[in-house]
Amino acid sequence: MWIADNWKDYEVIDTSSGEKLERWGDYFLVRPDPQVIWNTPKTNKKWHRPNGHYHRSSKGGGQWEFFDLPEQWTIHYKELTFHLKPFSFKHTGLFPEQAANWDWFSEKIRNSGRPVKVLNLFAYTGGATLAALNAGAGVTHVDASKGMVNWAKENAASSNLSGKPVRWLVDDCVKFVEREIRRGNKYDGIIMDPPSYGRGPKGETWKIEESIFPFIKLCTKIMSDNPLFFLVNSYTTGLQPAVLSYMINTAVVSKFGGKVESDEIGLKVSSNGLVLPCGASGRWSREA
């Protein structure tokens with residue numbers, strides 16, 4: 001498992017009964033987590049006195065209950081700064097476990113010894129975009145939500161990265177890649193974090209089980225002659241690491257060679273030293 005263990009402003013403190021207790025900077029949140037199927041004593045006092053608690057509804061969805069939590073605050077990861085705010089369906093605007101992937105491709109960018117163009121698809125609030133910019137790459141950031149792209153811009157400004165070579169685009173990711181193929185644009189690194197289900201800005205539908213493999217194959221048409229890396233993230237139950245490996249081997253290795261590694265990504269639980277699984281990633285690179 002790839003573990004995001006370089007955080008100072010974030011930690012999973014404890015897990016129990018379908019929930020996790022987290023520290024986000026100076027604030028403590030209790031949020032549901034479907035992976036937490038065990039029951040252990042909730043001895044930490046913050047379980048009962050958090051700053052925010054997201055209550056899952058038996059009918060689906062849920063709602064926040066707040067106790068002295070600001071509308072927005074910031075945390076840091078190394079040189080990066082992220083704005084956080086609780087919004088619908090339990091999220092805060094950041095997936096801390098992805099730092100394991102940020103560190104992986106940042107090292108590749110820094111060690112490449114050449115200009116690197118990165119495409120970040122389904123780019124959300126820009127965690128991967130900021131990491132790639134900070135490592136020295138030029139980035140094209142694409143997301144269907146204007147609000148998320150604006151949020152990513154704010155994160156970049158707070159991280160002193162606004163002057164770096166970045167394009168911010170509100171677009172349907174599939175249609176954008178199709179246009180890039182026609183335009184002949186190429187990228188050395190591709191990152192994608194596709195949702196299980198989503199809609200584009202003009203109502204385009206995305207169902208990951210039907211769409212992900214054709215989209216990976218489509219993206220190989222905009223990879224440069226000397227590509228550096230390809231990263232696919234999954235939070236969908238059926239897309240396990242072995243499935244990611246199979247798709248990337250079939251679509252990418254068949255054209256460019258190289259090596260595929262896929263694994264779960266996770267976060268350490270500080271109360272017991274165990275690791276909470278948080279999804280899966282498939283990584284391709286040219287390295288033997």
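In this chain, residues are counted from 1 in sequence order. A quick note: this is a predicted structure, and the numbers were derived from the prediction, not measured. The analysis underlying the following values was restricted to heavy atoms, covering all of them including side chains, and did not include hydrogens, waters or symmetry mates.
Judged by distance alone, the side chain of S145 and the main-chain N or O of M148 form a donor-acceptor pair under 3.5 Å. With W284 contributing its side chain and N249 its backbone, the two residues share no donor-acceptor pair below 3.5 Å. Side-chain atoms of S262 never come within 3.5 Å of backbone atoms of V243 as a donor-acceptor pair (strictly under, hydrogens ignored). No donor-acceptor distance shorter than 3.5 angstrom exists from the side chain of Y27 to the backbone of L69, with no hydrogens or angles considered. Side-chain atoms of R286 come within 3.5 Å of backbone atoms of F256 as a donor-acceptor pair (strictly under, hydrogens ignored). With N51 contributing its side chain and L29 its backbone, the two residues share no donor-acceptor pair below 3.5 Å. Under a 3.5 Å cut-off, the side chain of W73 and the backbone N or O of W24 do form a donor-acceptor pair.
No more than 12 heavy atoms of other residues, nucleotides or ligands sit less than 6.0 Å from atom CG of D225. For Q63, the CD atom sits in a loose shell: 12 or fewer heavy atoms of surrounding residues, nucleotides or ligands are nearer than 6.0 Å. In the displayed structure, K186 atom NZ is contacted under 6.0 Å by more than 12 heavy atoms of other residues, nucleotides or ligands. Around CD of E65, the count of heavy atoms belonging to other residues, nucleotides or ligands within 6.0 Å exceeds 12. For R49, the CZ atom counts as loosely surrounded, since its 6.0 Å shell holds 12 or fewer non-hydrogen atoms of other residues, nucleotides or ligands.
The closest side-chain heavy-atom distance from V253 to F230 is not below 4.5 Å. Side-chain atoms of L80 and N134, non-hydrogen and from C-beta on, do get closer than 4.5 Å to each other.
Applying the side chain to side chain donor-acceptor pair (under 3.5 Å) test to R182 and every residue at least two apart in sequence or in another chain returns nothing. Not counting sequence neighbours, S162 has no partner by the side chain to side chain donor-acceptor pair (under 3.5 Å) test. With sequence neighbours excluded, the residues satisfying salt bridge (charged side-chain N to carboxylate O under 4.0 Å, His left out) with K42 are E19. Under the rule for a side chain to side chain donor-acceptor pair (under 3.5 Å), the partners of D103 that lie at least two apart in sequence or sit in another chain are N6, Y77, K78.
Considering every non-hydrogen atom in both L244 and G282, the closest pair reads CD1-N, 3.6 Å.
With salt bridges taken as basic N to acidic carboxylate O contacts below 4.0 Å, one links E180 and R183.
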Under 3.5 Å, which donor-acceptor pairs link side chains of residues 149-157 to any protein atom two or more places apart or in another chain?
| from | atom 1 | to | atom 2 | distance (Å) |
| --- | --- | --- | --- | --- |
| N150 | ND2 | K146 | O | 3.4 |
| W151 | NE1 | H83 | O | 2.9 |
| N155 | OD1 | H83 | N | 2.7 |
| N155 | ND2 | T125 | O | 2.9 |

Identify every side-chain donor-acceptor pair in residues 266-281 under 3.5 Å, counting partners at least two apart or on other chains, and give the distances.
| from | atom 1 | to | atom 2 | distance (Å) |
| --- | --- | --- | --- | --- |
| S270 | OG | E11 | OE1 | 2.8 |
| S270 | OG | V12 | O | 3.3 |
| S271 | OG | I13 | O | 3.0 |
| S271 | OG | D14 | OD1 | 3.2 |
| N272 | OD1 | L274 | N | 2.9 |
| S281 | OG | N101 | ND2 | 2.9 |
| S281 | OG | N233 | OD1 | 2.6 |

